[in-house]
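The structure appears right after this line, and notes come after that.
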Amino acid sequence: MKIIGFESSCDETAVSVLEADEKGKLHILSNAIASQVDTHRLYGGVVPEIAGRAHIEAISALTREALTSASTKPEELSAVAVTTHPGLIGALLVGVSFAKAFAVRYGLPLVSVDHIKGHVAAAYLTEAPPTPPFVALVVSGGHTSLFAVEDYTRFRLVGKTRDDAIGEAFDKIGRIVGLPYPAGAGFDTLARQGFIRATGKEEGFYAAFKQTEVYKNPYYKFPSAALADGSLDFSFSGMKTAAINLLHRFEQSGTPLENDYFAAAYTYAAVESVAKKVEALLKEYPTASLTVAGGVAANSHLRARLSSLCEKMGRTLCMPPISLCGDNGAMIAAQGYYEYLDGHIATSAQNASAEDDAQ
Ligand code: KG4
Ligand code: ZN
């Protein structure tokens with residue numbers, strides 16, 4: 001069967017067509033994305049009103065593009081999946097309204113997809129997809145969450161950030177050091193330069209960073225975002241505030257900040273915080289494999305750190321390719337496929353919601 005997936009929760013309009021073969025293996029036939037990043041960059045972040053309008057302008061042509069490059073006619077589809085929550089309400093409404101109209105026009109069942117579950121479903125599009133039950137880390141611009149994925153459609157939230165998300169913190173800090181929005185990928189590169197310069201190593205620099213003068217410099221100390229209360233929760237606001245204060249101190253003293261060292265130290269603290277809770281999670285689920293998903297799962301240092309953690313703990317790790325970590329329609333169609341198999345068909349009353357727990 002073929003399924004179309006629509007995504008419009010933030011600043012990417014995305015439409016994808018997937019095909020599930022007789023064995024249930026998913027194949028991406030097309031994955032069209034219209035990014036609004038260049039528009040929002042002018043404002044240093046996503047402007048919800050502009051995002052909604054840009055989705056409206058992009059979605060029809062993008063749908064045509066996704067169907068054409070998948071060599072698929074709407075009549076050949078079996079279901080329509082759409083992100084209904086969480087996200088920016090005005091942005092979500094564009095995808096939901098369009099998908100509803102599309103489903104009615106072609107007499108297809110509509111499936112509501114949770115954006116976060118969609119991120120995890122990107123793992124089903126890899127060469128070696130995980131099979132539930134497993135555990136998952138979702139790190140994105142809006143989320144830092146740990147889940148027990150009990151079944152394809154049943155997730156249990158076991159840890160989360162109580163304030164800022166890791167991606168939001170990367171974007172904010174990166175912006176202050178002059179990187180364009182969204183700063184995550186640029187900050188990753190800057191941190192790499194810092195790790196290499198601090199350790200003198202082109203490889204293995206992350207593990208070696210702890211022995212360096214930069215790491216030991218009290219200026220570059222950040223409070224851990226891994227809460228020390230026995231929970232699997234995070235708090236990135238303390239780390240973010242410490243970083244902003246440090247940047248101000250440098251500014252006031254007139255000392256030029258060594259941006260690469262700063263990025264390395266901040267990244268190290270953020271990644272170690274995540275690794276600490278992931279290790280605790282894996283201990284709680286002694287046989288589970290780990291899936292890492294969401295935009296920040298593209299972070300090269302996080303990927304390397306979690307790879308070595310899983311190797312040390314003898315666990316299977318699934319990290320979607322970087323092209324499927326950020327928002328895309330294929331991940332929504334993939335989760336939609338499993339929701340469809342479970343009979344989760346939306347009614348014509350289906351709405352969008354900004355909230356995490358909406359149905
Ligand atoms: O999942 P996503 O595309 O959108 C949301 O659902 O939020 O995630 C976007 C986030 C942004 O904060 C962006 O800066 C971050 O992912 N990001 C990265 C990297 N690439 C994207 N953060 C750290 N390192 C990266 N390489
Ligand atoms: Zn996302």
Side-chain angles (χ1 to χ4, degrees), residues 5-14 16 31 33-37 40-41 44-46 48 51 55 82-88 91-92 95 113-123 136-145 160-161 164-177 179-195 206 225 236 239-240 243 263-264 266-271 273-274 291-306 319-332 334-335 354-356:
F6 292 97
E7 156 63 35
S8 71
S9 66
C10 190
D11 59 350
E12 327 275 0
T13 323
S16 163
N31 197 10
I33 301 183
S35 176
Q36 308 169 9
V37 159
H40 297 294
R41 188 168 285 148
V46 179
H55 286 307
V82 61
T83 302
T84 54
H85 64 280
L88 301 170
L92 285 162
V113 175
D114 177 323
H115 183 78
I116 304 307
K117 287 182 179 169
H119 270 302
V120 173
L137 164 73
V138 178
V139 275
S140 72
H143 289 79
T144 312
S145 305
K160 62 177 187 318
T161 179
D164 299 337
I166 185 171
E168 188 183 343
F170 273 132
D171 289 342
K172 180 84 191 273
I173 302 298
R175 184 177 160 189
I176 298 176
V177 298
L179 295 170
Y181 170 85
F187 205 73
D188 185 341
T189 308
L190 192 60
R192 171 180 303 272
Q193 289 161 6
F195 285 132
Y206 184 89
F236 279 91
M239 189 180 274
K240 191 181 80 177
Y266 183 83
T267 299
Y268 190 85
V271 168
S273 303
V274 172
T291 287
V292 183
V296 183
N299 187 276
S300 63
H301 314 295
L302 183 68
R303 290 174 90 86
R305 178 66 173 91
L306 294 179
M319 286 190 292
I322 288 170
S323 59
L324 292 175
C325 286
D327 295 346
N328 64 85
M331 70 185 202
I332 301 306
Q335 183 60 26
E355 307 304 323
D356 271 13

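In this text, all values refer to a predicted model and were calculated from it rather than measured experimentally. Read the numbers this way: they start at 1 and go in the same order the structure lists the ligands and their atoms.
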N/O/S from Cys10 sitting under 2.8 Å away from the Zn ion (ligand 2):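 Of the N, O and S atoms in Cys10, none lies under 2.8 Å from the Zn ion (ligand 2), which means no.
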Metal check, the Zn ion (ligand 2) vs His115 N/O/S, cut-off below 2.8 Å: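 It does: His115 brings an N, O or S atom closer than 2.8 Å to the Zn ion (ligand 2).
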Please round to the nearest 0.5 Å and tell me the distance separating atom [atom1] of [X] and atom [atom2] of [Y].
{"X": "Gln193", "Y": "Asp188", "atom1": "CD", "atom2": "CG", "result": "10.5 Å"}
{"X": "Leu324", "Y": "Asn31", "atom1": "CG", "atom2": "CG", "result": "6.5 Å"}
{"X": "Arg41", "Y": "Ser35", "atom1": "CZ", "atom2": "OG", "result": "8.0 Å"}

Test side chain to side chain contact (heavy atoms under 4.5 Å, CB included) applied to Met239 and Tyr266, step by step: CA-CA 8 Å; Met239 189 180 274; Tyr266 183 83; 3.6 Å; yes
Does any N or O atom in [X] lie less than 3.5 angstrom from one in ligand 1, N or O only?
{"X": "Gly294", "value": "no"}
{"X": "Ala183", "value": "no"}
{"X": "Gly326", "value": "no"}
{"X": "Asn299", "value": "yes"}
{"X": "Asp188", "value": "yes"}

Any idea which part of [X] is under 4.0 Å from ligand 1, heavy-atom wise: side chain, backbone, both or neither?
{"X": "His115", "result": "side chain"}
{"X": "Val296", "result": "both"}
{"X": "His119", "result": "side chain"}

Close approach, Cys10 and ligand 1, non-hydrogen under 4.0 angstrom: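 Per 4.0 Å heavy-atom rule, Cys10 does not contact ligand 1.
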Residue-ligand contact His301/ligand 1, heavy atom below 4.0 Å: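 It does not; every heavy atom stays at 4.0 Å or beyond.
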Verdict with reasoning, Leu88 to Ser9, per side chain to side chain contact (heavy atoms under 4.5 Å, CB included): CA-CA 6 Å; Leu88 301 170; Ser9 66; over 6 Å; no
For the Zn ion (ligand 2), the closest N/O/S atom belonging to Asp327: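 Asp327's closest N, O or S atom to the Zn ion (ligand 2) is named OD1.
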CZ (Arg175) with more than 12 external heavy atoms under 6.0 Å: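 Not buried by this count: 12 neighbours or fewer within 6.0 Å.
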Side chain to side chain, Ile173 and Phe187, heavy atoms closer than 4.5 Å: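 A side-chain contact under 4.5 Å exists here.
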Close side-chain approach of Val113 and Val82, heavy atoms under 4.5 Å: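 With C-beta onward as the side chain, the pair stays apart.
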Heavy atom of the protein closest to atom 18 (C) of ligand 1 (residue, atom name, distance):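 Going atom by atom, the protein heavy atom closest to atom 18 (C) of ligand 1 ends up being Gly184 CA, 3.6 Å.
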Heavy-atom nearest neighbour in the protein, as seen from atom 20 (N) of ligand 1, with distance rounded to 0.1 Å: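 For this ligand atom, the closest protein heavy atom is Gly295 O, 3.6 Å.
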Per-atom contacts of ligand 1 with Asp171, taking only distances under 4.0 Å to non-hydrogen atoms: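 Reading through ligand 1 atom by atom, the close ones are 11 (C), 12 (O), 13 (C), 14 (O).
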